[in-house]
Amino acid sequence: MVMWVFGYGSLIWKAGFNYDDRLVGFIKGYRRVFYQGSTDHRGTPEYPGRTVTLEPAPREVCWGVAYKIAGKEDKETALTYLEVREKQYDKKTYVDFFTDSMALAPAVSGVMVYIASPDRKLNPNYLGPALLEEIARQIIHAEGPSGPNKDYLFQLEKALLQFGCEDKHVIELANEVRRILAEGEEGD
Ligand code: SIN
C-alpha cells in the first residue's frame, strides 16, 4: 500500500525524504495557525519559537502538499524520519485530500498529517493564540537548530504564494514581522 503525507508547514518546501509524487491541494475543516511552540527546530527551551499547527475550522480549508511514498523501504525511512522531525506534534490523523475545489470526491483518502493539539498535558509546547504583534515579536527573536523562526515564516509565505495560496494569517503575520523590522525596533 502506498503512503501519503500532507504537509502544511515546513514539509511544503522541505520534504527530507524520497517520494514518488507531490500534489498541491487542500484538506477541509482545518485552518493553519502559528500556535505551536518549537523548542527543537525554530526556538530553544529557553526561548521557544512558533510553528504552524492545524485548528479545526468546519467551513475552512487548508492548502498544502501531499507526498506519495510507494516503496517499502522509502516508506519505512520516511516514517522513521518524520517521527523524529515532527516529534513535538503529538497527534497523527488521516484526512481526505482534494486537488479540485469543484470535486466532491477527494483526490486521495487516508493522507497522514501531523497535528500539535491544544492539550497541554499531551503537548506541553502548545502556545495558542496571542495578539498578532506579540506573535510577530516572538518570531523575530526566536532561533533554533533549523534556523531563525522568521525564515520559517517567510519561507512558508513564499511556498504558499508559489502555488497561489493567499493564507490571511500567514500573510498578516509576515507583514507584521516586516513592519517591526523596518521600524528597526528589534535588533537581530
Ligand atoms: C507540516 O509541515 O506539515 C508540519 C509542520 C511543520 O513541520 O512545519
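As the structure is a computational prediction, the values presented were derived from the model and not from experiment. As the structure lists them, so they are numbered: ligands from 1, and atoms in each ligand from 1. The analysis underlying the following values was restricted to heavy atoms, covering all of them including side chains, and did not include hydrogens, waters or symmetry mates.
- Salt bridge Lys168/Glu60: absent, no basic N to carboxylate O contact under 4.0 Å.
- Tyr152 and Trp13 have perpendicular rings, their planes meeting at more than 60° on a 0 to 90° scale where under 30° would count as parallel.
- Ile171 belongs to a hydrophobic cluster whose other members, connected by ILVMFWY side-chain contacts under 4.5 Å either directly or through intermediates, are Leu161.
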List ligand 1's nitrogen or oxygen atoms that come under 3.5 Å of a protein nitrogen or oxygen, with the partner atom and distance.
residue  : atom  : partner : partner atom : Å
ligand 1 : 2 (O) : Gly9    : N            : 2.9
ligand 1 : 2 (O) : Ser10   : N            : 3.2
ligand 1 : 2 (O) : Leu11   : N            : 3.0
ligand 1 : 3 (O) : Tyr8    : N            : 2.9
ligand 1 : 7 (O) : Ser10   : OG           : 3.1
ligand 1 : 7 (O) : Glu86   : OE1          : 3.1
ligand 1 : 7 (O) : Glu86   : OE2          : 3.0
ligand 1 : 8 (O) : Ser10   : N            : 2.9
ligand 1 : 8 (O) : Ser10   : OG           : 3.2
ligand 1 : 8 (O) : Tyr152  : OH           : 2.6

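- Side-chain atoms of Phe17 and Tyr67, non-hydrogen and from C-beta on, do get closer than 4.5 Å to each other.
- Side-chain atoms of Gln138 and Asn149 include no donor-acceptor pair closer than 3.5 Å.
- Look at Lys92 and Glu83 and you find a salt bridge, because one of the NZ, NE, NH1 or NH2 atoms lies within 4.0 Å of a carboxylate O, short of that distance.
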